[in-house]
Amino acid sequence: FTHGSFSDRNEHVTTAVADPSATVFDAFGLKIENDFGAFTVSNMASYFKYRGTAVLDGFPVGAPLTLNPTFRSRIFTEELDAVSDATGPWRWSAGVFYRAAKDPYFETETLYPPFAPVVTPGIIVADFFDESKSAAIYGELGRKLLDDKLELAVGLRYFHDRETQRATGEITGAPGPMAPFESVAHAVTPRVVLTWKPDTNQTIYASYAQGFRSGLAQDQLVTVVYPDIPPVRSEEHTSELQSHH
């Protein structure tokens, strides 16, 4: 945002004020697994905490000011999987997934003369957060045929995602308090794989799968300028693959 990082032909950047940045994050993960003989159950959890601060120099673009953004992020994920053993003609897998994330963004502005009679720090430019909660349930079933030379596997996944942009304070240019901006996405995506092993040295397979990426709510800074802009739409993708190893 308004970072005047323009360089000369020697790729040197001159700033009117110091523009340091700092990033601190912690990442934690835990996996617990147990083998029940006929199947194995795994539980995986993770937690991510992030904080980034910076000073962005606006002098090179003709404005005697600096922007001081602070971005935070907290993400928790949980996944529970169950997978059958490799013996027998049948195999299966199933699981559930959950993810919760919150990303607060806070930015102030420091004005310098002649924009201000004296150095005026702490003017709030933006104060809002993104929030996302998503969940999925999935499973796959496979069957070996023709003396284990042929295998057919069919899978299905349901995904649901809810994203929100919410102002927690002032946003420069907004006519008043910003209303929450929310988008919801969900999809059912299939997967089919046919595998043939004519001998121990060859594997021939064909697969069909659908992928999905949810949309997202527009940034609050964008909606100040374009109040009626819709959220980014979800995307769906279909892939077909044939391979010989």
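Note: hydrogens, waters and symmetry copies are ignored here, and every other heavy atom, side chains too, is used. Note that the structure is predicted; figures quoted are calculated from it, not measured.
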Would you compute the distance between atom [atom1] of [X] and atom [atom2] of [Y] and round it to the nearest 0.5 angstrom?
X    : Y    : atom1 : atom2 : result
T195 : K149 : OG1   : NZ    : 15.0 Å
E107 : N68  : CD    : CG    : 7.5 Å
T40  : D35  : OG1   : CG    : 3.5 Å
R74  : D26  : CZ    : CG    : 10.0 Å
S46  : F28  : OG    : CZ    : 11.5 Å
M44  : E78  : CE    : CD    : 8.5 Å

[X] and [Y]: same hydrophobic cluster, using ILVMFWY side-chain contacts below 4.5 Å?
X    : Y    : result
L141 : V188 : yes
L152 : W196 : yes
L194 : L146 : yes
L156 : Y158 : yes
L145 : W90  : no

So for atom [atom1], which belongs to [X], do other residues, nucleotides or ligands contribute more than 12 heavy atoms lying within a distance under 6.0 Å?
X    : atom1 : value
D199 : CG    : yes
R213 : CZ    : no
W92  : CH2   : yes

Where do [X] and [Y] come nearest, in terms of heavy atoms and distance?
X    : Y    : result
A153 : E140 : CB-OE2, 4.0 Å
D85  : G37  : OD2-O, 3.5 Å
K144 : A86  : NZ-O, 3.8 Å
A27  : F48  : CB-CD1, 4.0 Å
Y50  : G52  : CE2-N, 3.7 Å
T189 : G211 : CG2-C, 4.4 Å

Worksheet item: Would F159 and S214 count as a side chain to side chain contact (heavy atoms under 4.5 Å, CB included) if you check the C-alpha gap in whole Å, the side-chain angles of each, and the deciding distance to 0.1 Å?
Response: CA-CA 9 Å; F159 176 80; S214 60; 4.1 Å; yes
Measure the shortest side-chain to side-chain distance between [X] and [Y] over non-hydrogen atoms and say whether it is less than 4.5 angstrom.
X    : Y    : value
P64  : P114 : yes
R91  : V83  : no
V24  : T53  : no
Y112 : T110 : yes
T70  : R51  : yes
T108 : P121 : no
D130 : Y105 : no
K102 : R72  : no

Discussion item. Checking D19 against T66: is there a side-chain donor and acceptor pair closer than 3.5 Å?
Written reply: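 No donor-acceptor contact under 3.5 Å links the two side chains.
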Worksheet entry | Worked verdict on D161 versus S132 for side chain to side chain contact (heavy atoms under 4.5 Å, CB included) | CA-CA 7 Å; D161 184 27; S132 171; 3.3 Å; yes
Worksheet item: Between the side chain of T120 and the main-chain N/O of V118, is any donor-acceptor distance below 3.5 Å?
Response: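 Looks like yes, one N/O pair under 3.5 Å.
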Worksheet item: Distance-only, no hydrogens or angles: does the S42 side chain make a donor-acceptor pair with backbone N or O of E33 under 3.5 Å?
Response: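 Answer holds: no.
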Item to complete: Using the side chain to side chain contact (heavy atoms under 4.5 Å, CB included) rule, pick out the option among F71, F128, F129 that qualifies with P104.
Response: F129
Discussion item. Quick one, F76 with Y47, criterion ring pair (Phe, Tyr, Trp, His ring centres under 6.0 Å). Give me CA distance, side-chain angles, the key distance, then yes/no.
Written reply: CA-CA 5 Å; F76 172 77; Y47 179 72; 7.3 Å; no
Worksheet entry | Chi angles and distances behind the side chain to side chain contact (heavy atoms under 4.5 Å, CB included) call for F36, V41 | CA-CA 8 Å; F36 291 93; V41 175; 3.7 Å; yes
Practice prompt. Look at the aromatic rings of H160 and H186 and report parallel, tilted or perpendicular, splitting at 30° and 60°.
Written response: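 Ring orientation of H160 relative to H186: parallel.
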Discussion item. Before you tell me yes or no, could you show the steps for R99 and I75 under side chain to side chain contact (heavy atoms under 4.5 Å, CB included), namely the whole-Å CA-CA distance, both residues' side-chain angles and the distance that decides it to 0.1 Å?
Written reply: CA-CA 7 Å; R99 178 184 185 272; I75 304 173; 3.6 Å; yes
Practice prompt. Taking only Lys NZ, Arg NE, NH1 and NH2, and the carboxylate oxygens of Asp or Glu, determine whether R166 and E131 approach each other closer than 4.0 Å.
Written response: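 Looking at E131 together with R166, the answer is no, because their closest N to O distance does not fall below 4.0 Å.
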